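Computed from a predicted model, the values in this text were never measured in an experiment. Sequence lines set the chain letters: A, B, ... in the order given, protein chains first and strands last, and positions in each chain run from 1.
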Amino acid sequence: MTHKERMLRAARGDWADRLPFVPRLDLWHNANRRRGTFPPGYGPETTTAEIADGLGVGHHRIIPEFLNVRTPDDSIDRGLGIFRLRGYAYRAELQHVDRVVRTEPDGATIVEYHTPVGSVSCKITFTEEMRESGASITWIDEHVIKRPEDYAVVGSIFRNIEVSPDYENYRAFQQEVGDTGLAVAHGVGGASPVQALMRDLVDGTQFYYELADHPKEVQQLVEDMTPFYEQLVRVLAASPAEAVMIGANYDDTITFPPLFEEHILPWLQRWAAVLHASGKLFFTHCDGENEGLLPLLAASGIDVAESVCAPPMVQCSLTAMRQAFGGRITIFGGVPSVVLLEESMTDDEFEAHMRGLFTEIAPGDRFILGVSDMVPPDAKWHRLVRIAEMVEEHGTLPLKTR
Amino acid sequence: MLDEEGLRQAVLKGDRDSVRTFVTAALDTGVDAVKILNAGLLPAMDVVGKRFGAKQIYISEVLLSARAMHAGLALIRPALARAGGGADTKPVVVLGTVKGDLHDIGKNLVGMMLEAGGFTVVDLGTNVSAQKFIQAVNEHGAQVVGLSALLTTTMREMRQTLAELRRSAGTVKAVIGGAPVTQEFADTIGADGYAPDAASAVARIKELVAPA
Ligand code: B1M
């Protein structure tokens, strides 16, 4: 079976021959290429595909490379949560907006949006420190919504966005990935308008005040953004992709259960219905603390909870998650990134952790093994190799419950 | 007259307007600002911290309560300053997320709970270099510096920052926290304190500044 077939089978709840192992390597790759610290045998031009191939694991092509832009246009609307990256199956174009872009002396980008109903602006940064810390996406330093008046402007921008298919772009990506992994068609990070508000449009802490202080504006924004979301999901549903990713960074503190239930869950359910009607698999990025969200995620209609972290990085155990999901949702992840770090545990502790993990997830149905959120830049290479070996040795499905 | 229970409830509900009404009424009738603080605002935030720690309330409620408490604090601040024992003599905590790290929601929460716990907080924001921490500690005469990090990569920056603080910022106590940080790590890098959440950060920092 190819890596792609294994992933698809696991995502659909069918048995693959072997546990798929698909670690996200892009940040590790970027950092080690820059430092010239690839493992022996890998030259400076080695790609993530070659590393994955060398390890004998699936190539993680689930999350777009947000920094890998073809032209500035690919990420210029990052402040709105909108990208036009290589591999995207859609293009979102702003209409009736005059966009003015300038670069500050410190390298930050200011993007102003002038619309018939007013103007808003945002400030985007990406610093050397961020690069070194392994960030894979630029940072919004100033958000488009800073005052109550800004809601209407942002609402008008979203009402006028036209989403069109860009299937050729996606097909090229799909072909490039081939059987080495699953080329997931990416949507947007906010699963719903309110989550987009929280992630992209206002400051993450200010968001909670906004909900309390400006409920009418928030409600109007939700209505204004809905057509954009509907177009987007329609285009993704009709795309050549087998799997679609929408929504990211849930966490039971920041997207706490009542908030999730009111502002995220109904939208996930809606997207699940549209995507399933077209035979698509629905992925969402669950990299935070999921403990308090389990029943809600279980009811969301998603097929794959991607980037699932495990103790000691979070409280929620894989056992609790598997129980809550009741065989209906595939867990993608499970290896907490810290176990790959020399300073976190000894090699013996690492081996014991991994053996425990294999036992915990047995018989291994609905599981794609991955590193959550990603393989860290200083991961001990040998440990990655060891996980790949363990999968090879003990990963035949169903896993033995021992 | 101070409606202590009314004021506490208003803080618990995050109701800024009611907090202002209760505090103004109390000040107008000659109630001592220190009493308003100690009998109304601080105990209410203490309850908020405990409820949050026990997962009985959510982050939005904490933030709204903290904001309501601040609205009350703003009204009594002049009187506290006049009384000489209040705002100006509160212990100072310099707080920030270390260099390379931009996560700030947890750090903000810690800051609000510290303010609510009676500290003056100098929040340096995110991506803060050791140099900036040192400068702020010296400038504000801080007793405690609080470092937050959410990334494994930036936890290392904590070690570095702490080493530089030790060299250049005298006897300031350092408390660290953030999802990947542990007591063990705090011990390894020689931090004076570690706290797994905002409420325990306040408790730990109170212990550190308490006279021995
Ligand atoms: C001074 O004393 C103290 C004492 C206690 C202290 C303290 C200081 N500071 C905190 N505490 C403590 O008290 C607080 C309240 O009780 C608590 O604070 P927390 O901050 O822990 O809790 C908050 C209240 C709620 N929790 C959060 O706010 C973090 C939630 C998760 C999902 C998260 C989020 C939301 C985000 N992220 Co980030 N993010 C994750 C997080 C998952 C997780 N498991 O933590 C984590 C932290 N992120 C991660 C990553 C990798 C990244 N993130 C990034 C970006 C982002 C978002 C922008 C999407 C967003 C941040 C929004 C913001 N304004 O802060 C990037 C980094 C950018 C940068 N340079 O900083 C990026 C590198 C991703 C990328 N591909 O670029 C992971 C770090 C892995 C690791 N160990 O290194 C991560 C654990 C996710 C995962 N599952 O792997 C305690 O820790």
Side-chain angles (χ1 to χ4, degrees), chain A residues 27-28 31 125-135 137-141 198-199 203-213 249 251-260 287-289 291-292 309 312-315 336-345 373-379, chain B residues 13-17 52-53 55-68 70 97-112 123 125-130 132 149-160 178-182 184-185 188-189 196-198:
Chain A
L27 290 161
W28 172 88
T125 54
F126 194 74
T127 61
E128 201 43 42
E129 286 101 25
M130 284 175 67
R131 198 186 296 282
E132 270 161 26
S133 70
I137 191 163
T138 53
W139 187 257
I140 308 174
D141 236 0
M198 167 188 237
R199 287 171 44 94
D203 169 74
T205 307
Q206 178 63 23
F207 164 77
Y208 301 102
Y209 297 133
E210 295 295 318
L211 274 191
D213 296 345
N249 307 123
D251 178 276
D252 68 8
T253 300
I254 55 176
T255 57
F256 53 85
L259 180 107
F260 190 98
D287 69 331
E289 176 59 77
E291 194 174 41
C309 219
M313 282 172 69
V314 289
Q315 302 285 320
S337 58
V338 292
V339 305
L340 297 176
L341 298 173
E342 184 122 54
E343 64 204 34
S344 299
M345 52 178 77
D373 186 25
M374 62 194 65
V375 177
D378 295 315
Chain B
K13 284 193 202 121
D15 180 350
R16 261 192 304 185
D17 292 340
F52 183 61
K55 296 197 167 184
Q56 290 163 350
I57 58 171
Y58 300 111
I59 185 169
S60 56
E61 290 157 290
V62 179
L63 292 173
L64 291 171
S65 288
R67 188 174 69 169
H70 275 273
T97 307
V98 298
K99 194 165 93 183
D101 203 323
L102 295 154
H103 292 87
D104 66 354
I105 300 173
K107 184 264 300 164
N108 293 347
L109 210 54
V110 171
M112 299 216 173
D123 187 344
T126 58
N127 190 24
V128 182
S129 64
K132 276 199 204 147
L150 268 272
L151 301 171
T152 324
T153 43
T154 55
M155 266 167 75
R156 283 203 201 108
E157 190 57 39
M158 282 180 155
R159 185 194 295 267
Q160 187 69 21
V181 178
T182 58
E184 203 187 340
F185 178 71
T188 315
I189 67 168
D197 56 52

Nearest heavy atoms of N108(B) and T205(A), plus distance in Å = ND2-OG1, 2.6 Å
key: chain B contact via D203(A) - side chain, backbone, both or neither, heavy atoms under 4.5 Å   = side chain
request  = Report, as yes or no, whether the 6.0 Å neighbourhood of atom CD on E128(A) holds more than 12 heavy atoms from other residues, nucleotides or ligands.
outcome  = yes
remark   = In terms of heavy-atom pairs under 4.5 Å with chain B, the winner among P336(A), P257(A), A212(A) is P257(A)
message = For E291(A), which atoms come within 4.5 Å of any heavy atom of chain B: side chain, backbone, both, or neither?
response = side chain
query = Once you round to the nearest 0.5 Å, how far does OG1 of T126(B) lie from CH2 of W139(A)?
reply = 6.5 Å
Engaged part of T127(A) at the chain B interface, taking heavy atoms whose separation is under 4.5 Å = side chain
message = Which heavy atom of M112(B) sits nearest to which heavy atom of Y209(A), and what is that distance?
response = CE-OH, 3.2 Å
request  = Identify which of T152(B), L63(B), L109(B), I105(B) forms the greatest number of heavy-atom pairs closer than 4.5 Å to chain A.
outcome  = L63(B)
key: Proximal component of F52(B), with respect to chain A [non-hydrogen, under 4.5 Å]   = side chain
ask   = Can you tell if the side chain of E343(A) reaches within under 4.5 Å of the side chain of T188(B), non-hydrogen atoms only?
value = no
remark   = Among S337(A), P258(A), P312(A), P377(A), the residue with the most heavy-atom pairs under 4.5 Å to chain B is P258(A)
query = Who among V338(A), D252(A), I254(A) has the most heavy-atom pairs with chain B under 4.5 Å?
reply = I254(A)
task = For the pair I57(B) and F256(A), evaluate side chain to side chain contact (heavy atoms under 4.5 Å, CB included) and give the outcome as yes or no after the intermediate values.
result = CA-CA 10 Å; I57(B) 58 171; F256(A) 53 85; over 6 Å; no
remark   = Interatomic distance, CD1@I140(A) vs CG@L102(B), rounded to 0.5 Å, equals 11.5 Å
query = Non-hydrogen atoms of chain B under 4.5 Å away: do they reach the side chain of L341(A), the backbone, both or neither?
reply = side chain
remark   = Honestly, the part of T153(B) sitting under 4.5 Å from a heavy atom of chain A is side chain
ask   = Less than 4.5 Å apart, any side-chain heavy atom of Y208(A) and any of I59(B)?
value = yes
